[in-house]
Amino acid sequence: MTRSRAVNPLTCQLDAVVRPPGSKSITNRALLCAALAPGRSTLTGALFADDTRAMTDAVVALGAAVTADPDARTLVVRGGGSPAPDAVIFARQSGTTSRFVLPAAALFGTRTVVDGAPQLRARPFGPVLDALRQLGATVEELAEPGFLPAAVSGPMRGGPVRVSGHVSSQFLSGLLMAGPLMRDGLEVSVTSELVSVPYVEMTKSVMAAFGVSVDGLSVRPGGYRARHYDIEPDASTASYFLGAAAIAGGRVTVDGLGTGSLQGDVRFADVLERMGASVSRTADSLTVSSSGALRGVDVDMADISDTAQTLAAVAVFADSPTRVRGIGFIRGKETNRVAAVVTELRRAGIDATEDEDGFTITPGLPRPTAFQTYEDHRMAMSLSLIGLRVPGTEILDPGCVAKTYPDFFTDLESLAAHDRR
Ligand SMILES: O=C(O)C1=C[C@@H](OP(=O)(O)O)[C@@H](O)[C@H](O)C1
Ligand SMILES: C=C(OP(=O)(O)O)C(=O)O
């Protein structure tokens with residue numbers, strides 16, 4: 001296993017067109033909806049990474065049959081089955097997989113155990129477990145209350161349910177996706193401020209594509225319909241390439257992320273625009289061009305928090321401080337992302353401070369640093385951007401990118417082939 005990976009500075013301005021792998025969030029929603037739809041669905045443009053393997057294994061445990069063709073980026077799903085008694089789902093490090101399959105597993109009369117890697121066991125599950133109890137499921141917390149592993153069994157009667165929204169939107173998305181298969185359908189009330197709102201809109205869009213409409217946060221009883229579904233590239237992943245254009249200068253076009261994207265994270269480009277980059281958007285692409293001169297920004301990233309670490313790396317190269325707000329909840333992601341990003345930038349000599357709801361970065365010249373990554377793919381990918389400008393940058397435990405983007409370093413290196421010479 002490689003313990004560290006050097007990132008080489010770009011020597012010239014960029015001029016690249018990239019097509020990142022498929023969206024993790026859409027792939028995992030489409031897999032679950034397809035598994036709940038009787039018949040054969042074909043998912044094209046799918047992501048093949050640890051998180052989507054976790055969901056693939058999970059839907060198989062729920063009774064679906066899945067044929068994967070990674071070269072063609074295609075998953076064929078035969079849905080409409082049911083889990084074997086005492087099924088066990090191991091969600092690896094995947095928040096989406098675990099939070100989405102708990103409600104789906106509790107649709108069935110058999111007992112299913114959901115567990116994950118130690119890192120996932122440390123993340124919160126209380127809101128979804130509590131909601132499942134309200135809906136009539138039997139829930140056993142097999143370790144600590146509110147954490148994995150947990151066992152669930154149904155069926156659920158459905159109807160009104162209350163769930164909090166300030167820790168994660170994934171609880172709400174998971175409940176909605178199981179909603180049409182509950183006896184009385186589902187009517188969700190969110191009891192606290194909802195974070196990551198665009199992901200709930202994405203949930204509704206993918207459900208609609210599979211034949212289920214959501215009215216507000218209410219779903220009528222019904223069923224999903226199998227179909228062919230094409231998945232767009234991952235917008236969170238695209239943020240690393242757009243960030244590269246912003247700091248290295250030049251131009252990067254992301255092919256396949258158009259104005260109709262289902263992903264809120266395309267709005268990372270709006271933040272770069274506020275910092276002084278130029279952005280152009282078409283029906284099928286997103287382009288960021290920059291001279292490399294950037295100003296700091298004060299921005300609320302509660303809707304697009306997976307790109308907050310990318311922004312932290314970009315902010316280092318601006319000419320005034322950047323303040324990121326609204327993201328206190330990312331302390332409960334793969335790692336405490338607020339603390340991790342501040343610690344690592346300080347390790348490089350940058351003046352970074354933790355705020356209650358985010359962080360503040362004052363630009364500076366980073367020194368050559370071996371960055372720790374805290375088993376967090378986004379720490380590794382974001383801090384790599386610093387290496388595009390600063391010689392001697394190393395990323396420790398680079399393999400952690402496998403969670404969502406196994407080929408990240410190869411693709412980042414191939415950007416250099418597109419230097420504008
Ligand atoms: O629903 C989704 O696909 C996701 C929602 C977000 O999580 P939270 O709702 O926990 O912020 C995001 O960070 C995660 O990567 C994917
Ligand atoms: C938070 C993330 O993932 P998840 O919650 O799905 O594990 C992420 O991909 O940054």
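Just the heavy atoms: all of them, side chains too, but no hydrogens, waters or symmetry mates, feed the values below. Every number for a ligand or one of its atoms is a count from 1 in the order of the listing. Predicted, not measured: the structure shown is a model, and the values here were computed from it.
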Using a plain distance cutoff, I'd like to know if [X] has any nitrogen or oxygen under 3.5 Å from a nitrogen or oxygen of ligand 2.
X: Ser94; answer: no
X: Lys333; answer: no
X: Arg378; answer: yes
X: Lys24; answer: yes

Is any NZ, NE, NH1 or NH2 atom of the basic residue among Lys403 and Asp50 found under 4.0 Å from an Asp or Glu carboxylate oxygen of the other? no
Arg267 with Asp303: basic N within carboxylate O range, under 4.0 Å: yes
Taking the side chain as C-beta and beyond, is there a heavy-atom pair between Leu148 and Ser98 under 4.5 Å? yes
Can you sort out which atoms of ligand 2 are near Gly95, meaning under 4.0 Å from one of its heavy atoms? 4 (P), 5 (O), 6 (O), 7 (O)
Residue part near ligand 1, for [X], under 4.0 Å between non-hydrogen atoms:
X: Arg29; answer: side chain
X: Phe100; answer: side chain
X: Ser196; answer: side chain

Is [X] touching ligand 2 with its side chain, its backbone, both, or neither, if touching means heavy atoms under 4.0 Å apart?
X: Arg92; result: neither
X: Thr96; result: both
X: Met55; result: neither

Identify the closest protein heavy atom to atom 5 (O) of ligand 2: which residue and atom is it, and at what distance? Arg123 NH2, 2.7 Å
Closest to atom 1 (C) of ligand 2 among protein heavy atoms sits Glu334 OE1, 3.1 Å
I'd like to know if the side chain of Ser261 pairs up with that of Glu232 as donor and acceptor (distance under 3.5 Å, no hydrogens or angles considered). yes
Lys403 near ligand 2 by a heavy-atom separation under 4.0 Å: yes
Which residue from Ser305, Gly174, Ser236, Ser169 reaches closest to atom 9 (O) of ligand 1 through any of its heavy atoms? Ser169
